[in-house]
Novice: 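The structure that follows is given in the form of structure tokens.
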Amino acid sequence: QPGVPCGRSDVLRKNIQGWRNMMKRFLCMLFAVLMGLSCLSFIGCNSEPEFTEDGKKIIRFAFNSWDVSNRVWERVINKANEILDEQGEKIEIQGVKIAGSGWNDYYMKMQTQIGTGRGPDIGEIAESYMPQCIMNGMALEITDLVDRDLNMDDYYELAFNGAMRDGDKLYGMPSSLHVLLMYYNKDMFTEKGLEMPSRDWNDAMSFTELRETAKALTSSDTGANKVFGFQGAPYMGYIGMYAKSNGGHNVFDDAGNCTLTEPESLEVYKLFDDMYFTDKSIPLPGDNEILSAFERFEAGKIAMMVEGTWSLPDINEIDSFNVGVAAVPAGKGTAYTSEFLNSFVIWKGTDNVENSWKALKAIYSEECWNIMVEENFCGLPVCKATLENYSDAFLGNTMDADDNKCLTDALEHLLNVPYNAFYQKADDEANQAMDKWLLQTKKDDGSIYTYADYAEEVKQIVLSAKAESEE
């Protein structure tokens, strides 16, 4: 270090490193204490009553607290308690509001409270945190309970795969579900005399058809007046469904190896590269600086758009043109849609698993799913009866019966985002690295950073995140 006499720098370095390590340990301990204290005002601890005044066993349900969720979960809990009363169960569910800035705060507070034996009985967690919950023993296995008491014919069973499952063991049940669909401007197709995109998930629009159709719908204008044929990007959460439909894998093969540089995935990246730079039929980052991609679609400046069902409320507000719903484009016929979930769990440390399960079953009833849909809170319901009864609420009055069927059929083509202990970190870094490709950054040797370079970098990001998680 500058200014340190020769011969003393090693000693000083060791002292400094020792001080840093001591401070890290202190700060970690302080953080844990503060997290615990911050939760005490929200989470029931051992000193709180276990029974109501009329002798009902209290089951505490933890949820991520914000203005809308507070209202919805209050309605759901009240309805679930009515169901428990009708069943003659001496159980009362009480809500536990976990305040914070998002799912990471929620997860940290759950981890702290469960670790100190003061956690709630049941709750909800984002799917991206399920691998950590399972690995750290925070969520209890519920395989036998589900097999015993749930009729899976009443639910979309594919939604029960993914991060809530570890091999044959199930640790959660989907509490909300969003999928990807392709929305399109029907009027633009009619004006151009083009065939509407396929709504059939078993015979979806092919990659070749997508490229040619997008070119035909793209205008020669520039700036805000330009019409783009397609909007989409091969993000980590999306590349798997495209590669799978192309005969490849969903980011990882069965042995856990990253497959992003295999031919089936590279073909997807090349498709997007051709549409970005050769056809100019997909907006680049700079094209969406003034208007977002969704705002461009609303304004009739994008013809087809792969987007989540979280946008359906806004889609239903469009009245300047007719909107259709189609299957996500596929490489070889059968299409898939990435699913994005939250999960209900029974937390480790509950003092009565059976009562916690009864409470969770009541929350999982059709009546409670109906409330979540009425509040536009859960995305698509996993309960088939609720989706059937409320299907018009999702697509509004502007879409037809075939659009509705396409939406429902999507739930038979679910593909889980392959969350694991390191996926989220890799996903964040991979999406940041995408700009080097889309902005055609120059490499050190003066050549352009290509889609193949991006695929290789993402693979290395995944491998690095995996190695870090194993340390």
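Everything numeric here is computed off the predicted structure, so don't read it as measured data. In what follows, residues are counted from 1 in the order of the sequence shown.
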Novice: Where is the tightest heavy-atom contact between Met236 and Asn431, given as atom of each residue plus distance?
Specialist: N-OD1, 3.8 Å
Novice: With Lys384 as the cation and Tyr155 as the aromatic partner, state whether NZ or CZ is under 6.0 Å from the six-membered ring centre and within 45° of the axis.
Specialist: no
Novice: Does the pair Glu295/Lys301 count as a salt bridge with the N-to-O cut at 4.0 Å?
Specialist: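 Salt bridge flag = no for Lys301 with Glu295.
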Novice: With under 30° as parallel and over 60° as perpendicular, where do the rings of Phe294 and Phe297 fit, or are they tilted in between?
Specialist: tilted
Novice: Got a donor-acceptor contact below 3.5 angstrom from the Thr116 side chain to the Gln113 backbone?
Specialist: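 Such a contact is found between Thr116 side chain and Gln113 backbone.
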Novice: Is Lys109 close enough and on-axis enough to Tyr106, meaning under 6.0 Å and within 45°, for cation-pi?
Specialist: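 The answer is no; the distance or angle limit is not met.
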Novice: Testing the 3.5 Å rule here: is there a donor-acceptor pair between the side chains of Asn136 and Tyr107?
Specialist: yes
Novice: Quick check: closest heavy atoms across Ile98 and Asn64, and the distance to 0.1 Å?
Specialist: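 Residues Ile98 and Asn64, closest heavy atoms: O-OD1, 3.7 Å.
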Novice: For Tyr449, which of Gln440, Lys443, Glu457 qualifies under side-chain hydrogen bond (donor to acceptor under 3.5 Å, both in side chains)?
Specialist: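 It is Glu457, the one option of Gln440, Lys443, Glu457 that forms the side-chain hydrogen bond (donor to acceptor under 3.5 Å, both in side chains) with Tyr449.
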Novice: Are Phe272 and Tyr269 close enough that their ring centers fall under 6.0 Å?
Specialist: no
Novice: Compare all side-chain heavy atoms of Phe61 with those of Ile363 and state whether any distance is below 4.5 angstrom.
Specialist: yes
Novice: Heavy atoms only: give me the nearest Val345-Tyr171 pair and the separation to one decimal.
Specialist: CG1-O, 3.5 Å
Novice: Hey, does the side chain of Glu209 reach the backbone of Ser206 with a donor-acceptor pair shorter than 3.5 angstrom?
Specialist: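 Such a contact is found between Glu209 side chain and Ser206 backbone.
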Novice: Charged N to carboxylate O under 4.0 angstrom, Lys459 versus Glu456?
Specialist: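 No salt bridge links Lys459 with Glu456.
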Novice: Holding to salt bridge (charged side-chain N to carboxylate O under 4.0 Å, His left out), I want the full list of residues that pass it with Asp149, two or more places apart in sequence or in another chain.
Specialist: Lys361
Novice: If the condition is salt bridge (charged side-chain N to carboxylate O under 4.0 Å, His left out), which residues does Asp166 pass it with, not counting sequence neighbours?
Specialist: none
Novice: Quick check: closest heavy atoms across Gln94 and Ile77, and the distance to 0.1 Å?
Specialist: C-CD1, 4.5 Å
Novice: Between Thr337 and His413, do the side chains contain a donor N or O and an acceptor N or O under 3.5 Å apart?
Specialist: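 Absent: no donor and acceptor within the cut-off.
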Novice: Centre-to-centre under 6.0 Å for Tyr419 and Tyr129, is that the case here?
Specialist: no
Novice: Salt-bridge test for Glu264 and Lys244: reply yes if a basic N is under 4.0 Å from a carboxylate O, no otherwise.
Specialist: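 The answer is no: the pair does not qualify as a salt bridge.
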Novice: Measure across Ala362 and Ala80 and return the closest heavy-atom pair with its distance rounded to 0.1 Å.
Specialist: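 Looking at all heavy atoms of both residues, the shortest contact is CB-O, 3.7 Å.
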Novice: Is it true that Lys405 and Asp409 make a salt bridge, defined as a side-chain N closer than 4.0 Å to a carboxylate O?
Specialist: yes
Novice: Indicate yes or no for a side-chain donor-acceptor contact from Ser338 to the backbone of Gly237 under 3.5 Å, with no hydrogens or angles considered.
Specialist: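 Checking the backbone N and O of Gly237 against the side chain of Ser338, a donor-acceptor pair under 3.5 Å is found.
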Novice: Which heavy-atom pair separates Val328 from Tyr336 by the least distance, and what is that distance?
Specialist: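 In terms of heavy atoms, the two residues are closest at CB-O, 3.8 Å.
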Novice: For a quick check under 3.5 Å, do Glu74 and Asn70 share a side-chain donor-acceptor pair by atom type?
Specialist: no
Novice: Quick check, are the ring centers of Phe340 and Trp310 under 6.0 angstrom apart?
Specialist: yes
Novice: May I ask you to check whether Asp314 and Ser311 show a side-chain donor-acceptor distance below 3.5 Å?
Specialist: no
Novice: Report yes if the side chains of Trp66 and Val68 come closer than 4.5 Å at any heavy-atom pair, otherwise no.
Specialist: yes
Novice: Under a 3.5 Å threshold, yes or no: a donor from one side chain and an acceptor from the other, between Asn342 and Ser175?
Specialist: no
